[in-house]
Amino acid sequence: MGSISLKQVTKSFGPVDVIKPIDLEIEDGEFVVFVGPSGCGKSTLLRLIAGLEDVTSGHIEIDGNDATTIPPAKRGLAMVFQSYALYPHMSVRKNIAFPLKMAKVDQAEIDRKVDDAARVLNLSDYIDRRPGQLSGGQRQRVAIGRAIVREPAAFLFDEPLSNLDAALRGNMRLEISELHQTLKTTMIYVTHDQVEAMTMADKIVVLRDGIIEQVGSPIELYKNPRNLFVAEFIGSPKMNIIKGAAAEALGAPTIGVRPEHIEVSKTKPKADGAWKGTVGVSEHLGSDTFLHMDAEGVGTINVRADGEIELRHGDTAWLSPQVSKIHRFDAAGMAA
Amino acid sequence: MATQNSRSAARLMLAPAVILLLGWMLVPLTMTLWFSFRKYLPLRGGDQGWVGFDNYVRFVSSSSFWPSVQTTLIIVGGVLVITVVFGILLALLLDQPMWGQGIVRILVIAPFFVMPTVSALVWKNIFMDPVNGLFAHLWKFFGATPIEWLSQASVQSIIMIVSWQWLPFATLILLTAVQSLDGEQLEASEMDGAKPLQRFGYIILPHLARAITIVVLIQTIFLLSIFAEIFVTTGGAFGTKTLSYLIFQRVLESQNIGLGSAGGIYAVILANIVAIFLMRIVGKNLDA
Amino acid sequence: MARAITNERKIINTVAAWGIGLLIFFPILWTILTSFKTEAQAINDPPLFLFFDWTLENYAVVQERSNYGRFLWNSIFIAGGSTLLGVIIAIPAAWSMAFVPSKRTKDILLWMLSTKMLPAVGVLYPIYLLFIQFGLLDSILGLTIVLMLINLPIMVWMLYTYFREIPGEILEAARMDGATLRSEILYVLTPMAIPGIASTLLLNFILAWNEAFWTLNLTAAQAAPLTAFIASYSSPEGLFYAKLSAASTMAILPILILGWFSQKQLVRGLTFGAVK
């Protein structure tokens with residue numbers, strides 16, 4: 001079991017309010033991702049749930065019981081740290097066994113569970129090595145193994161992939177998702193990388209300056225961002241934000257168009273409303289082409305075009321936003 | 001960054017060390033303060049009551065007081081200058097490529113392990129004795145009259161003995177600092193046309209500042225209270241009486257506890273002045 | 001970085017460094033050599049370097065005159081006991097300051113170090129009285145406590161600088177893994193800090209071994225360690241250089257050997273982690 005609910009939780013460090021009152025419900029078995037720019041309070045929020053920090057006010061409930069003042073060791077949660085935080089003086093086996101040893105599980109049981117975890121995580125060949133002798137990906141797996149054996153109510157991940165290189169990150173992302181599907185345990189995952197959030201989450205919590213900007217499934221956030229901040233934060237490449245006359249022409253003080261929702265043509269289209277632009281930089285990736293255009297009267301527009309489009313620096317092209325997929329925002333930046 | 005739980009645990013675990021040191025500091029100090037206001041001669045009538053600031057006045061007006069403060073400062077200052085200067089030179093030399101660096105380091109560090117009573121006795125007798133000492137033999141070999149080290153050049157002799165004991169410490173710390181100097185910085189300055197002496201002045205010396213601070217701090221702590229070196233060599237004669245030693249004599253030799261305690265309070269004040277001064281520097285340096 | 005170093009340069013360096021190294025080491029070497037001479041040879045003019053009749057007689061005489069073994073044991077007990085006792089108190093304190101720092105942490109550290117600057121003579125008589133009161137005069141226990149107290153600030157400070165290099169996340173991981181504070185310190189922090197703890201132990205053992213104010217003033221026959229053993233040679237009596245040398249060698253050799261074996265850890269410890 002692992003439902004967690006935060007009720008009016010706040011956290012201040014001295015005069016700085018890092019977390020302003022937050023309410024959040026996390027269902028059992030959900031994969032929840034806290035995402036936001038650095039300094040938004042996402043790691044602090046995770047540490048509050050873990051019990052590594054005290055809340056300044058409010059309550060944290062785990063499975064319906066008030067856990068606000070319970071020390072981290074007794075909350076039944078497991079955490080995977082950014083630096084992995086493996087015990088450097090213990091072998092992989094001892095690292096994974098440590099939480100069981102702390103729980104005074106008997107040795108035969110420990111051995112069985114550690115071997116199981118090592119097999120699941122492909123660590124059996126390294127079981128007697130020290131963390132210092134492992135690669136980044138292997139260390140990550142040991143950290144996960146240490147979390148799994150406890151059979152926790154929920155897993156907490158604090159930017160676990162940020163120390164890995166890009167290729168490995170992709171693999172580990174898959175592995176963690178698979179793990180979630182196998183274990184069906186609640187997972188709370190903190191990251192600043194919206195790609196990780198979009199690919200892994202059942203539910204994304206977007207945070208800024210200690211406030212929840214929006215909660216929802218990846219597709220909800222992509223389709224219906226509640227405000228400009230979420231709109232810009234979710235999606236890659238970033239949504240184009242247009243103000244002024246070009247926006248007013250489409251019915252709002254500010255509008256947003258995602259790069260993939262703009263059609264490019266080399267000739268002037270028949271329909272009205274196309275923007276004329278000059279190609280600044282074109283990035284040909286094969287599958288896609290990213291065009292950085294300077295559109296007259298609109299500003300810089302990024303476009304995701306077909307992979308085989310033939311446009312180079314200095315070429316002129318017309319851009320037509322898909323009207324149905326335009327996001328409109330009022331003067332305060334809220335979705336209209 | 002911690003919870004209430006861990007903060008109270010931290011206080012609890014810090015408590016024994018703090019309480020012990022506080023007790024170690026306050027209890028005897030309070031007693032010393034008490035005695036300093038009394039006429040107290042254990043062998044000649046015991047505690048003869050309250051005398052106000054008499055002891056303080058007598059201690060300062062004694063002819064030995066100012067010379068002893070001076071001697072203290074000369075010895076501490078002299079040893080600091082010698083160990084820091086020679087320590088830097090030796091560190092730079094030991095950092096150069098050579099054969100048997102490890103063994104040389106062992107030779108250099110050795111005096112640090114010699115207990116003060118041993119080093120004082122060995123220097124006093126085997127080296128500095130005006131008749132049979134090795135220096136006397138050496139002087140005679142060159143046809144000179146042997147020096148009576150511990151009476152004619154007593155303070156210098158003590159500075160020399162103490163410097164010998166502390167030079168290894170200074171050298172080792174400075175050597176560690178020299179070795180941590182980024183080689184690229186030196187190469188860059190060479191490319192910029194800095195000559196060896198300029199490189200020393202502009203790159204190496206500033207890099208050593210922190211290490212020098214540590215050397216000065218730690219050595220001052222230990223040097224302010226040197227005892228055995230004087231106790232064993234001159235017994236405080238020939239102008240080698242430091243403030244500590246003067247107090248020691250008042251307390252133990254003349255058995256005048258009141259007077260000695262007043263001196264002790266003066267020494268505490270002196271140590272505090274030095275401490276505040278040093279802590280400022282170190283506190284600043286430790287932030288980095 | 002690599003640049004050809006002329007052999008000439010290297011030879012000059014080597015000669016200079018060895019020369020200075022031997023000069024610094026010479027008093028110790030000479031003492032050891034003298035300890036194997038007869039008293040007459042010890043003061044021979046010109047001094048005899050290696051070619052004399054090597055003898056162990058001085059060691060026998062010293063041992064007969066004062067029971068070396070007893071002083072040695074006292075030294076080992078007092079230095080070892082004060083160091084162990086100190087580290088037991090210092091580890092929790094250093095843990096607090098390194099991992100749960102507060103606004104006052106630095107002040108407490110500096111205050112602790114400043115207690116070391118208090119002149120010992122200033123409190124000699126009160127301590128003497130207290131020792132009589134509690135029957136600690138000339139006892140190993142008394143001296144152990146005093147030496148533990150005077151070295152405690154250095155221990156806390158050294159351990160603090162070592163602990164600060166250990167990432168706090170690892171201790172938090174232990175906490176998440178269900179470790180109590182005791183297990184966290186015992187099974188995670190301490191094993192990780194072994195090198196630092198070892199150099200702390202070593203340095204303080206040496207400092208306690210060589211301490212020569214309290215050991216001289218608070219002991220008589222029973223608890224006197226090697227510092228006092230050697231101080232009994234401070235008043236000359238006839239020819240005594242060879243015997244003095246033998247006694248000196250006996251007093252410093254254990255620590256000299258220990259120090260040489262552990263000099264790497266020591267150097268790190270000595271710098272208080274402030275110089276890398």
Side-chain angles (χ1 to χ4, degrees), chain B residues 2 6-7 9-10 13-14 16-17 20-21 24-25 28-29 31-32 93-94 96-99 104 106-111 113-118 121-122 125-126 132 134 137 172-173 176-177 180 183 210-211 214 221 224-225 227-228 232 244 247-248 251 257 264 267-268 271 275 279 283, chain C residues 1 5 10 13-14 16-18 21-22 24-25 27-28 31 43 45 47 89 92-93 95-96 100 110 112 114-127 149 152 156 181 206 210 212-213 227 230-231 233-234 241 244 248 251-252 255-256 259-260 263 267 270-272 274-276:
Chain B
S6 55
R7 263 192 296 275
M13 303 221 294
L14 190 54
L20 280 173
L21 284 173
W24 169 244
M25 187 178 82
L29 212 56
M31 290 169 75
T32 300
L93 175 63
L94 289 179
Q96 304 295 316
M98 68 178 72
W99 289 284
V104 175
I106 282 182
L107 295 179
V108 171
I109 197 178
F113 303 132
V114 176
M115 57 179 68
T117 41
V118 168
L121 271 178
V122 165
N125 293 297
I126 300 178
N132 291 323
L134 208 55
H137 292 319
L172 279 175
I173 290 189
T176 316
S180 73
R210 201 177 153 87
I214 298 285
I221 290 177
L224 273 177
S225 56
F227 172 76
V232 170
S244 297
I247 299 162
F248 173 75
V251 173
I257 306 304
V268 169
M279 293 303 165
Chain C
M1 190 56 214
I5 285 147
K10 203 167 169 184
N13 287 340
T14 307
W18 276 84
L22 285 171
I24 290 174
F25 185 64
I28 298 172
T31 306
I43 57 164
D45 189 11
I89 297 168
W95 174 90
S96 304
V100 196
L110 289 176
M112 282 188 171
S114 76
T115 63
K116 268 214 71 80
M117 300 185 88
L118 283 183
V121 279
V123 293
L124 175 58
Y125 194 73
I127 295 292
L149 286 168
L152 190 58
V156 173
L181 192 56
I206 292 170
N210 289 341
F213 179 79
T227 42
I230 208 72
Y233 285 83
S234 57
Y241 285 11
L244 168 64
S248 299
I252 62 173
I255 215 71
L256 203 58
W260 276 344
Q263 59 149 331
V267 172
L270 278 171
T271 61
F272 288 72
V275 181
K276 304 255 166 56

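- Within the 4.5 Å cutoff, side-chain heavy atoms of C:I127 are placed close to those of B:W24.
- With a 4.5 angstrom heavy-atom cutoff, C:L149 touches chain B via backbone and side-chain atoms both.
- For the pair B:N125/C:Y241, a side-chain contact is recorded, criterion being any heavy-atom separation below 4.5 Å from C-beta on.
- In this structure, chain B has heavy atoms under 4.5 Å from both the backbone and the side chain of C:L256.
- Without hydrogens or angle criteria, B:T32 side chain to C:G122 main chain gives a donor-acceptor distance under 3.5 Å.
- B:L21 approaches C:T115 most closely through the heavy-atom pair CD2-OG1, 4.0 Å.
- Residue C:I255 touches chain B through both its backbone and its side chain, counting heavy-atom pairs closer than 4.5 Å.
- The part of B:I257 that comes within reach of chain C is its side chain, from C-beta onward, which places non-hydrogen atoms under 4.5 angstrom from that chain.
- Of the listed residues (B:A267, B:P16, B:S225), the greatest number of heavy-atom pairs within a distance under 4.5 Å of chain C belongs to B:A267.
- Contact of B:F248 with chain C is made through backbone and side chain together, with heavy-atom distances under 4.5 Å.
- For a residue to count as touching a neighbouring chain, one of its non-hydrogen atoms must lie under 4.5 Å from one of that chain's; by this rule C:W95 touches chain B with the side chain only.
- For the atom pair C:N210 CG and B:T117 OG1, the distance stands at 8.0 Å (nearest 0.5 Å).
- Considering all non-hydrogen atoms of both residues, B:V122 and C:S248 come closest at CG2-OG, 3.7 Å.
- No other option in B:I221, B:L29, B:L94, B:L20 has as many heavy-atom pairs under 4.5 Å with chain C as B:I221.
- Residues C:G21 and B:V104 come closest through the heavy atom pair CA-CG1, 4.5 Å.
- Residue C:V100 comes nearest to B:R7 through the heavy atom pair CG1-CG, 3.6 Å, listed as atom of the first residue, atom of the second, then distance.
- Taking each heavy atom of C:N13 and B:L93 in turn, the nearest pair found is O-CD1, 4.3 Å.
- In this structure, B:P111 and C:I28 approach most closely via the heavy-atom pair N-CD1, 3.9 Å.
- Residue with the most contacts toward chain C among B:L121, B:V232, B:I247, B:L224: B:L121 (heavy-atom pairs, distance under 4.5 Å).
- Contact annotation for C:I206: only side-chain heavy atoms (C-beta onward) come within less than 4.5 Å of a heavy atom of chain B.
- Looking only at side-chain heavy atoms (C-beta outward), B:L107 and C:I24 stay at 4.5 Å or farther from each other.
- Contact count versus chain C (heavy atoms, under 4.5 Å) is highest, among B:V268, B:V251, B:I126, for B:I126.
- Looking at C:T14, its side chain does come within 3.5 Å of a backbone N or O of B:W99 through a donor-acceptor pair.
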Inset, instruction - Start with the C-alpha distance between C:I252 and B:F113, add both sets of side-chain angles, then the distance that settles side chain to side chain contact (heavy atoms under 4.5 Å, CB included), and finish with yes or no. - result: CA-CA 7 Å; C:I252 62 173; B:F113 303 132; over 6 Å; no
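- Ranked by non-hydrogen atom pairs under 4.5 Å with chain B, the options C:L181, C:T31, C:L244 are led by C:L244.
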